[in-house]
Colleague: 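Encoded as structure tokens, here's the structure I'll be asking about.
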Amino acid sequence: MNFFNSQNRHLLISELKKKTFDLVIVGGGITGAGIALDAASRGLNVALVEKGDFASGTSSRSTKLIHGGLRYLKQLELALVAKVGKERAIVHKMAPHLVRPEKMLLPLFSGNIFSKFILSVGLFLYDRLAGVPARDRYQMLKPSEGELLEPLLSGIPIIGAGYYAEYRTDDARLTLETLKTAATFDARCINYVQAQSVVYDSAGKVAGLACKDGLVGDEFQIDAQVVVNATGPWAEKLKNLPQSKKLFLTKGVHIVLAHELVPIKQAIYFNHSDGRMIFLIPRGRATYIGTTDTPHAGSPDEVKVAVEDVEYLISAVNQVFPTLNLSIKGVESSWAGLRPLIFEEGKKASEMSRKDELYFDSSGLVTIAGGKLTGFRKMAEMVVDGVINKFFINKKEELGKAKTKSLKLFGGEFRSYHEVEKFFVELCARAKPFGLVRGDVRELVFCYGTRSSGIVEEYIRGVEGGLMKEEALVQATLGYALKEEMLLKMVDFFNQRTGKLFFHISEIKKDMPIVLRFMAEHFAWDEARKRKELDTLKKAMFDATVVLR
Ligand code: FAD
């Protein structure tokens, strides 16, 4: 049974009600997804509930880099740099189409906090700690070499540049593919189900989770021996954090502009005059820029981009690249995410550690807080090792060690990035006679990996059946999301499934009627439900652009 087929949701809910699970995870971001995959692949019975769509929290609102955290070198967190640096290579192997190598250019200006010497030592350490292979190690470039790689730097008084290896990803897709892979090991993962409280038996031990179906309002219980709270910024709501530990939320904002307004040839990372590091990253037809780091005091459900955030990023870029002359009018879309940091007395937001911390409660409630997208696999291994040692010690031999290092994520069945490129070229040849250009195919391959060939075949059937190119492509990807990715709401197709809400917002108006018609037929929506879906989508578009009006 494919429990990621949206038509099977009622069957999934009846399983959740009937079965007793070893552990139930709360939170369908990358942390929960990683734990579900690790635990299920070792043989534990796993359920996971997510109150919104999968990856609708921080895990669709990051900078989308799988990185070793060069900035942590500044804070001398060498162990953290080494840990996440090594993980990059492992996560790349799990999904080479989705976690792709990307060179980063770090220009140096006179008066920079990085001198050439310090940067060179930093990048040397960074490469060694992260175990970067010799062919990919950093280079220090002269100004003329930097300009050659990035023509936008010409005319700007740089004294040199660092050029080093990073990886990029799509955070929401990475989360989805991790969850889908967990489901192949029988994990039962469901979106739009909110955990309301932990249920205890008369001896004070965890007995399960009281839940509410966010679509139809039904309340039900999932029986489980252990509850893992992987709710990121929401962690204190189901908490077992010790009194001494508090979450400290900081907001990070990104803005998106058309690539022609910020025509970078490759990713750039530069030091702003206030000391913050800013990324400029090309993605298809757009460039995105981030990020800010300011305390967030309100509810994690209400995190918004403020006009000051956008102005800060625009002015940071204009300071370094004055010829771009960016203004708020050029910004197409934006997003804000929350970093759940562990509060440290006397430190500024940007100085607090990004380390993960794990808390066990002998009753069976486990909380994981902090962490990074990059370290999700390792963090999951640590959580599941801890869960087995505390609660399933009698099954330790049978469950064994983590298997995720050698797993392939759904769609990631490539041996190397070279194979991804070969697959891309072959798919281009297949799709070209039917009107798909290289850019369309590249987006499909980067999103769906090996599964993009099935989507292309569906697209071809649509075109041969008389559909226009755009309609056939939307229907093919939408059909896939409904059958394979538990798509339940229209807004989620444009957000977590395809990223169009942020990276191609102007296309949504054109796609909207096709998506509405197709989904309404699929789910037999009445007029009221159709209106609600449209309103929700329009609100998300408004939120992504509100400060830009
Ligand atoms: P989330 O993704 O927030 O997931 C928690 C989930 O729990 C949410 O989906 C929420 O809806 C759900 N939930 C909450 N309460 C309940 C409930 N009661 N019942 C059911 N579900 C519930 N890391 C990197 O490695 N690289 C980067 O480039 C990077 N950039 C970043 C940039 C920014 C601006 C930010 C904020 C973070 C960045 N990070 C980055 C960190 C990374 O994004 C986070 O560490 C990671 O996404 C956290 O995932 P999570 O699953 O813990 O939290």
Side-chain angles (χ1 to χ4, degrees), residues 24-36 48-72 80 84-85 87-88 91 99 102 166-172 174-175 178-179 189-198 209-214 222 227-239 247 249-254 267 269 277 279 281 288 290-294 296 299-301 303 305 309 334-341 349 354-356 367-380 383 496:
V24 55
I25 300 158
V26 188
I30 193 65
T31 306
I35 297 167
L48 177 147
V49 296
E50 163 55 53
K51 76 181 169 77
D53 188 27
F54 298 125
S56 56
T58 319
S59 299
S60 53
R61 280 143 198 284
S62 77
T63 310
K64 306 175 195 298
L65 291 171
I66 295 294
H67 60 142
L70 184 60
R71 63 186 291 264
Y72 308 137
L80 182 61
V84 290
E87 271 306 291
R88 298 184 308 181
V91 180
V99 177
E102 172 91 15
E166 287 285 21
Y167 291 88
R168 69 187 310 184
T169 192
D170 180 307
D171 45 7
L174 184 65
T175 306
T178 305
L179 286 163
C189 309
I190 192 159
N191 49 358
Y192 291 104
V193 167
Q194 172 149 18
Q196 296 193 295
S197 57
V198 179
L209 200 63
C211 297
K212 185 170 183 177
D213 183 340
I222 301 177
V227 170
V228 178
N229 172 3
T231 56
W234 289 263
E236 284 190 337
K237 306 211 163 173
L238 266 191
K239 79 173 179 177
L247 277 191
L249 303 181
T250 78
K251 180 173 77 163
V253 166
H254 290 82
Y269 187 38
M277 297 301 296
F279 287 104
I281 302 177
Y288 65 100
T291 171
T292 60
D293 197 0
T294 51
H296 174 81
S299 152
D301 289 305
V303 46
V305 176
D309 301 322
S334 60
W335 71 86
L338 290 176
R339 302 174 186 87
L341 310 179
R354 268 62 176 163
K355 270 192 284 210
D356 42 84
T367 299
I368 172 82
K372 290 187 62 60
L373 197 65
T374 309
F376 85 94
R377 190 208 63 87
K378 190 73 193 160
M379 188 158 86
V383 173
Q496 283 73 238

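Each ligand, and each atom within it, is numbered from 1 in the order the structure gives.
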Colleague: If the test is side chain to side chain donor-acceptor pair (under 3.5 Å), which one of D293, D309, T294 qualifies with K251?
Modeller: D309

Colleague: For G57, counting its heavy atoms only, list the atoms of ligand 1 lying under 4.0 Å from any of them.
Modeller: 2 (O), 3 (O), 9 (O)

Colleague: In the protein, what heavy atom is nearest to atom 28 (O) of ligand 1, and what distance, to one decimal place, separates them?
Modeller: L65 N, 3.1 Å

Colleague: When rounded to the nearest 0.5 angstrom, what is the spacing between CH2 in W335 and CZ in R61?
Modeller: 9.0 Å

Colleague: Of the protein's non-hydrogen atoms, which lies at the shortest distance from atom 48 (C) of ligand 1, and what is that distance?
Modeller: S59 OG, 4.0 Å

Colleague: When rounded to the nearest 0.5 angstrom, what is the spacing between CG in L238 and OG in S197?
Modeller: 8.0 Å

Colleague: N/O of T374 under 3.5 Å from N/O of ligand 1, yes or no?
Modeller: yes

Colleague: Given I30, which of T178, D171, T169, I35 fulfils the side-chain contact (heavy atoms from CB on, under 4.5 Å) condition?
Modeller: T178

Colleague: Would you name the heavy atoms of S59 and T175 that are closest together and state the gap between them?
Modeller: CB-OG1, 3.7 Å

Colleague: Measure from atom 42 (C) of ligand 1 to every heavy atom in V49, L373, T231 and give the option owning the shortest one.
Modeller: L373

Colleague: With only distance considered, is T250 within less than 3.5 Å of ligand 1 through an N or O on each side?
Modeller: no

Colleague: Got the closest protein heavy atom to atom 45 (O) of ligand 1, with its distance?
Modeller: G371 O, 3.0 Å

Colleague: Whether the side chain of N229 engages the backbone of A235 through a donor-acceptor N/O pair (distance < 3.5 Å, no angle test) should be reported.
Modeller: yes

Colleague: Identify, by atom number and element, the atoms of ligand 1 in contact range of G27, meaning under 4.0 Å from any of its heavy atoms.
Modeller: 6 (C), 7 (O), 12 (C), 21 (N)

Colleague: Compute the shortest N/O to N/O distance between H254 and ligand 1 and return yes if it is under 3.5 Å, no if not.
Modeller: no

Colleague: Among all protein heavy atoms, pick out the one at the shortest distance from atom 40 (C) of ligand 1; state its residue, atom name and that distance to 0.1 Å.
Modeller: K372 NZ, 3.6 Å

Colleague: For A230, take its heavy atoms, then give the atoms of ligand 1 lying under 4.0 Å from any of them.
Modeller: 5 (C)

Colleague: Out of K51, H296, K64, whose heavy atom sits nearest atom 16 (C) of ligand 1?
Modeller: K51

Colleague: With the side chain counted from C-beta on, respond yes when I281 and R168 share a heavy-atom pair under 4.5 Å apart, and no when they do not.
Modeller: yes

Colleague: As an exercise, identify every atom of ligand 1 less than 4.0 angstrom from a heavy atom of G337.
Modeller: 36 (C)

Colleague: When the ring planes of F279 and Y269 are compared, do they come out parallel, tilted or perpendicular, using 30° and 60° as the limits?
Modeller: parallel

Colleague: So is T58 polar-close to ligand 1, meaning N/O to N/O under 3.5 Å?
Modeller: yes

Colleague: Using a plain distance cutoff, I'd like to know if R61 has any nitrogen or oxygen under 3.5 Å from a nitrogen or oxygen of ligand 1.
Modeller: no

Colleague: Which heavy-atom pair separates S60 from Q496 by the least distance, and what is that distance?
Modeller: OG-OE1, 3.6 Å

Colleague: May I ask you to test the T374-R88 pair for a side-chain heavy-atom distance under 4.5 Å?
Modeller: yes

Colleague: I want to check something: taking the side chain as every heavy atom from C-beta on, are K51 and K212 in contact at a cut-off of under 4.5 Å?
Modeller: no

Colleague: N/O of T31 under 3.5 Å from N/O of ligand 1, yes or no?
Modeller: yes

Colleague: Give me the residue, atom name and distance of the protein heavy atom closest to atom 35 (C) of ligand 1.
Modeller: R339 CG, 3.8 Å

Colleague: To check your reading of the model: name the closest protein heavy atom to atom 39 (N) of ligand 1, its residue, and the distance in Å.
Modeller: S62 CB, 3.9 Å

Colleague: Can you report which non-hydrogen protein atom sits closest to atom 30 (N) of ligand 1, along with the distance?
Modeller: T63 N, 3.0 Å

Colleague: So do the side chains of K237 and T231 get within less than 4.5 Å of each other, counting heavy atoms only?
Modeller: no

Colleague: With a 3.5 Å cut-off and no angle check, do the side chains of W234 and D301 form a donor-acceptor pair?
Modeller: yes

Colleague: Within the structure provided, determine whether I66 and L174 are in side-chain contact (heavy-atom separation under 4.5 Å).
Modeller: yes

Colleague: Does any N or O atom in I66 lie less than 3.5 angstrom from one in ligand 1, N or O only?
Modeller: no

Colleague: Quick check on contacts: which atoms of ligand 1 are under 4.0 angstrom from a heavy atom of V193?
Modeller: 20 (C)

Colleague: Which is closest to atom 34 (C) of ligand 1 in terms of heavy atoms, C211, G28, G252, A195?
Modeller: G252

Colleague: Below 4.0 angstrom from a heavy atom of W234, which ligand 1 atoms are there? Numbered from 1 as shown, please.
Modeller: 3 (O), 8 (C), 10 (C), 14 (C), 15 (N)

Colleague: Heavy atoms only: give me the nearest I25-G32 pair and the separation to one decimal.
Modeller: CG2-CA, 3.7 Å

Colleague: In the protein, what heavy atom is nearest to atom 6 (C) of ligand 1, and what distance, to one decimal place, separates them?
Modeller: E50 OE1, 3.4 Å

Colleague: What atoms of ligand 1 come within less than 4.0 Å of a heavy atom belonging to P233?
Modeller: 3 (O)

